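Report on the structure given below.
Keep in mind it's a predicted model, so treat the numbers as computed, not measured. Positions are given from 1, in the same order as the sequence printed here.
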Amino acid sequence: MENEVNQTGRKNIYDPQFVKNLFNTMSGSYERMNYITSFGFSIRWRKQFLRKLTPSREKLNVLDLLSGLGENWSYLKKHFPQSNFHALDFSEAMLSKSTPKGERIFGKQLTLFSNDVLKNRLPSSHYDIVTCAYGLKTFNNSQLDILAQELSRILRPNGQFTCIEVSVPQSRILAFFYGLYLGHIIPVLGKLFLGNPSDYKMLWIYTKSFQNTQQIQEIFSRYNLELEIDSYFFGCATGLHGFKK
């Protein structure tokens with residue numbers, strides 16, 4: 001990954017408090033901006049990455065990590081209708097805004113955790129299913145190592161996981177125009193929504209540093225996780241899915 005500081009402010013952009021503040025600020029418009037930044041593909045990619053999981057009508061324990069505004073939840077309920085559902089995020093604003101959606105989809109069958117995933121208190125060998133959408137880019141390599149350890153710890157043997165992240169396409173031409181769009185046009189749109197273009201400019205800074213999930217495959221493979229790498233729309237998003245051995 002690239003230098004782990006914000007080049008404009010010389011701040012550590014991977015500091016958990018910095019990330020929390022960023023997503024608290026963006027919470028009011030994040031769902032719309034996700035749709036815009038992906039040219040509308042974010043919904044399709046979300047469906048595709050969740051299809052990597054084997055649906056079940058058994059009573060499983062399902063966890064949505066870095067749950068944001070709960071965009072995964074309706075699909076998870078459809079895939080695992082009889083299950084117990086849990087979600088974790090450390091952005092208080094995201095959790096607050098997602099709570100009504102959780103009540104609408106799950107009734108009282110959703111447990112929300114306000115936790116830093118890197119310092120969580122989740123039970124070991126407990127979850128059958130773990131998902132994570134569009135949150136990996138906000139971690140540096142050492143943090144991703146902790147995340148992989150925690151994923152292995154909380155999954156039951158043979159438990160499934162799937163993750164997805166906006167990525168830098170391998171095609172230089174596509175990467176140039178995608179970077180132009182995310183790095184320059186999206187901040188302008190962010191200003192229209194928030195009055196602060198620097199917040200949404202951070203999304204491209206994170207993405208450019210993260211590159212794609214191939215860059216972290218080796219990290220996740222260290223911790224008893226069998227996984228495959230996924231690519232969506234010529235690498236504009238990438239993911240990984242698999243199970244705990």
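- Smallest separation of non-hydrogen atoms from I13 and I205: CD1-CG2, 3.9 Å.
- For D128 (side chain) and N61 (main-chain N/O), a donor-acceptor pair under 3.5 Å exists by modelled atom type.
- A distance of 10.0 Å separates CH2 of W45 from OG1 of T238, quoted to the nearest 0.5 Å.
- Residue N24 comes nearest to A93 through the heavy atom pair OD1-N, 3.0 Å, listed as atom of the first residue, atom of the second, then distance.
- Using a 4.5 Å heavy-atom threshold, the side chains of L225 and L240 count as separate.
- Pairing each heavy atom of G135 with each of E165, the nearest pair is N-OE1, 3.1 Å.
- Under the 30°/60° scheme for interplanar angles, the aromatic rings of Y127 and H86 are found to stand perpendicular.
- In the hydrophobic cluster analysis, where Ile, Leu, Val, Met, Phe, Trp and Tyr join through side-chain heavy atoms closer than 4.5 angstrom, F49 is grouped apart from F243.
- One finds the CG atom of L53 at 10.0 Å from the CZ atom of F161 (value rounded to the nearest 0.5 Å).
- Formation of a donor-acceptor pair under 3.5 Å by the E103 side chain with backbone atoms of P100 is not found in this model.
- Using modelled atom types, no side-chain atom of E218 and backbone atom of Q215 make a donor-acceptor pair closer than 3.5 Å.
- Residues N72 and S67 fail the side-chain proximity criterion, which asks for heavy atoms closer than 4.5 Å.
- Listed here is the closest heavy atom pair of N120 and N115: CA-OD1, 3.8 Å.
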With side-chain contact (heavy atoms from CB on, under 4.5 Å) as the criterion, how do F18 and N12 come out once you've worked through the C-alpha distance, each side chain's angles and the decisive distance to 0.1 Å? CA-CA 8 Å; F18 180 90; N12 180 4; over 6 Å; no
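- With no hydrogens or angles considered, a side-chain donor-acceptor pair links S209 and Y14 at under 3.5 Å.
- Between the side chain of T213 and the main chain of G239, a donor-acceptor pair closer than 3.5 Å is present.
- A 4.5 Å side-chain heavy-atom check between E58 and Q82 finds every atom pair outside the cut-off.
- Figure legend: K137 and Y206 shown without cation-pi pairing, the cationic atom not lying both under 6.0 angstrom from the six-membered ring centre and within 45 degrees of its axis.
- Ion pair K20/E92 flagged as a salt bridge, since at least one NZ, NE, NH1 or NH2 atom sits closer than 4.0 Å to an Asp/Glu carboxylate oxygen.
- D89 and S91 are not linked by any side-chain donor-acceptor pair at a separation below 3.5 angstrom, with hydrogens and angles left out of the test.
- The 12-atom threshold is exceeded at CZ of R222, counting heavy atoms of other residues, nucleotides or ligands nearer than 6.0 Å.
- By the 4.5 Å heavy-atom criterion applied to side chains, I43 and Y75 are counted as neighbours.
- In this view, Q149 and D145, Y223 satisfy the side chain to side chain contact (heavy atoms under 4.5 Å, CB included) rule, not counting sequence neighbours.
- Surrounding NZ of K78 are at most 12 heavy atoms belonging to other residues, nucleotides or ligands under 6.0 Å away.
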Test side-chain contact (heavy atoms from CB on, under 4.5 Å) on L110 and W73 and set out the steps. CA-CA 10 Å; L110 174 67; W73 296 349; 3.7 Å; yes
R46 vs Y134, test: side-chain contact (heavy atoms from CB on, under 4.5 Å). Steps then yes/no. CA-CA 9 Å; R46 197 177 296 277; Y134 306 120; 3.3 Å; yes
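- Taking each heavy atom of P123 and R153 in turn, the nearest pair found is C-NH1, 3.8 Å.
- Using a distance-only test at 3.5 Å, with no hydrogens or angles considered, a donor-acceptor pair links the side chain of Q160 to the main chain of T54.
- For the atom pair I216 CD1 and L147 CG, the distance stands at 8.0 Å (nearest 0.5 Å).
- Note: F23 CZ to L66 CG = 8.5 Å, rounded to the nearest 0.5 Å.
- The side chain to side chain contact (heavy atoms under 4.5 Å, CB included) search around I146 returns L118, E150, not counting sequence neighbours.
- Here the closest heavy-atom approach between residue S152 and residue K244 is recorded as O-NZ, 2.8 Å.
- Interatomic distance, R156 CZ to I129 CD1, rounded to the nearest 0.5 Å: 10.5 Å.
- Side-chain contact between F234 and S171 is absent, with no heavy atoms from C-beta onward closer than 4.5 Å.
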Passes side-chain contact (heavy atoms from CB on, under 4.5 Å), N212 versus V168? Steps please. CA-CA 6 Å; N212 56 63; V168 179; 5.9 Å; no
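- Put simply, OG1 on T162 and CD on Q48 are 11.0 Å apart, with the number rounded to the nearest 0.5 Å.
- Between D64 and V62, every side-chain heavy-atom pair lies at or beyond the 4.5 Å cut-off.
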